[in-house]
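Worksheet: one structure, shown below.
The chains referred to below are lettered A, B, ... by the order of the sequence lines, with proteins before strands, and numbering in each begins at 1.
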Number of protein chains: 2
Amino acid sequence: MAQDSPTRLGFVLLGILGGGPRSGYDVPTLFSSTPMAHFSDSPGSIYPALRRLERCGWIRPVQSRQPQPSKRRLFTVTPQGLSKLKLWLRQPVRRAEVIHSLEELQLRYVFTYELSGAVAAVRFLAEMERAIQAYLQEPRSFLASVRPQMHLGGRLAIEQGIRWTRRARNELRKEEA
Amino acid sequence: MAQDSPTRLGFVLLGILGGGPRSGYDVPTLFSSTPMAHFSDSPGSIYPALRRLERCGWIRPVQSRQPQPSKRRLFTVTPQGLSKLKLWLRQPVRRAEVIHSLEELQLRYVFTYELSGAVAAVRFLAEMERAIQAYLQEPRSFLASVRPQMHLGGRLAIEQGIRWTRRARNELRKEEA
DNA sequence: GTATGCATGTAATACGTTACATGATTGT
DNA sequence: ACAATCATGTAACGTATTACATGCATAC
């Protein structure tokens, strides 16, 4: 069932629409040159995803009062969709996400910032940092014994995450001041 | 055609087998707790991918001389597969990869290290850093004007990349000494 | 009125995911 | 003999990808 478990692209669309009414055509222009675009910017993925969200009742089309602004079909997040979005954003940061999808965590950070502001974003980054630290302190001895080089590569890849969270928190603090 | 364009998982498998004969069962144990596992560690993805690679002639089964070591089917990279792997690793680092798949670049770094050693890995990191720098110096003015916050998030996400490459290069230099 | 870009959509395909199924091996 | 783990495999499903198609603007 797509009823209760939209894909990552679905949540991305939801997050974008959370910032105001957008059309499907806006999505690639907003994300294609951003390092958060791990999905294709092709219409073949976006429009079906929008229709899925609409079927779930998470978004709805909104007719613009403007005098026929071409064919653009704008969508907004419904109250139900907003609560689902918040649920996604406020999910606890799990070990599996730290390992497999650091990028999804970054996406959640961005949308938390936009939806709830800098304070909430800083809180999220702190939780993210805790989770990454916890993972880094695991033994992982079997990896070290099997392939030391791979261990090095993996460790470096994950350590970038914690550096990023620290950096992001500093930037946010500067902005608040 | 899967003949000439294997998926990312295909290259990952190729890279793993490049380090010596492995079985399909080895893959999840090598990668599941590593931040390079953006694919599922389930057999439903790995075994079909192995068969695709075998059909392409990039890998081949190798019968172990050991006295019937259970049912493990070991694979090795064929000469043709090795040249394809090297082609993938030595691909120039493009702007699109910096934006959309930093993780694939990290994978290529790891396998470059294993296949060609530290010197080649450092060279790759240098190229990666150049590409990231070039992207960071682009104007990206439209993003800044539309959604300043998103701009911040995106910039932070990409800047992690360059920090990581620098860090990795330092680690490698220490190791050489 | 022809071309170019805007904006949405569809069809074929292949891949990953999830869940289930199977046989061999080891231990007790 | 029985259970648990090892190791491989299959089937159903949904979704991303790629490429193509459509209609409407606006400009020249």
Exercise. Given C:dG16, is OP1 or OP2 found less than 4.0 Å from the side-chain N or O atoms of B:T7?
Worked result: yes
Exercise. According to a strict under-4.0 Å criterion, is A:R51 in side-chain N/O contact with OP1 or OP2 of C:dT10?
Worked result: yes
Exercise. Less than 4.0 Å between a side-chain N and a carboxylate O, is that true for B:R8 and B:E104?
Worked result: yes
Problem set entry | Between C:dA7 (P) and A:L50 (CG): distance, integer Å | 15 Å
Problem set entry | Spacing between A:F11 atom CZ and D:dA16 atom P, to the nearest angstrom | 13 Å
Exercise. What is the distance from CZ of B:R8 to C1' of C:dT17, rounded to the nearest Å?
Worked result: 17 Å
Problem set entry | Distance, rounded to the nearest Å, where A:R72 contributes CZ and C:dC6 contributes P | 12 Å
Exercise. Nearest to the side chain of A:Y25, which nucleotide is it out of C:dA7, D:dA16, C:dG9?
Worked result: C:dA7
Exercise. How far does OG1 of B:T78 sit from CG of B:L85, to the nearest 0.5 angstrom?
Worked result: 10.5 Å
Exercise. With no hydrogens and no angle check, is any side-chain donor or acceptor of A:E127 less than 3.5 Å from a backbone partner on A:F124?
Worked result: no
Exercise. Across the strands shown, which category fits B:G24 at heavy-atom distances under 4.0 angstrom: base, sugar-phosphate, nothing?
Worked result: sugar-phosphate
Exercise. Taking only side-chain nitrogens and oxygens of B:S42, does any of them come within less than 4.0 Å of OP1 or OP2 of C:dG16?
Worked result: no
For this session: Mind calculating the distance between CG (B:L13) and C1' (C:dC15) to the nearest angstrom?
Result: 13 Å
Exercise. Between C:dA19 atom C1' and B:Y47 atom OH, what is the distance in whole Å?
Worked result: 16 Å
Exercise. Does B:R73 put a side-chain nitrogen or oxygen below 4.0 Å from OP1 or OP2 of C:dG23?
Worked result: no
Problem set entry | A:L9 CG - D:dT17 C1' separation (whole Å) | 12 Å
Problem set entry | Whole-Å distance separating the CD1 atom of B:I46 from the C1' atom of D:dT10 | 15 Å
Exercise. So, do B:R108 and B:M128 sit near enough that their side-chain heavy atoms are less than 4.5 Å apart?
Worked result: no
Exercise. Does A:L74 offer a backbone N or O that forms a donor-acceptor pair with the side chain of A:S23 under 3.5 Å?
Worked result: no
For this session: Can you figure out which of D:dT15, D:dT18, C:dG9 approaches the side chain of A:R52 most closely?
Result: D:dT15
Exercise. Closest to the B:P43 side chain: C:dA19, C:dT17, C:dT8?
Worked result: C:dA19
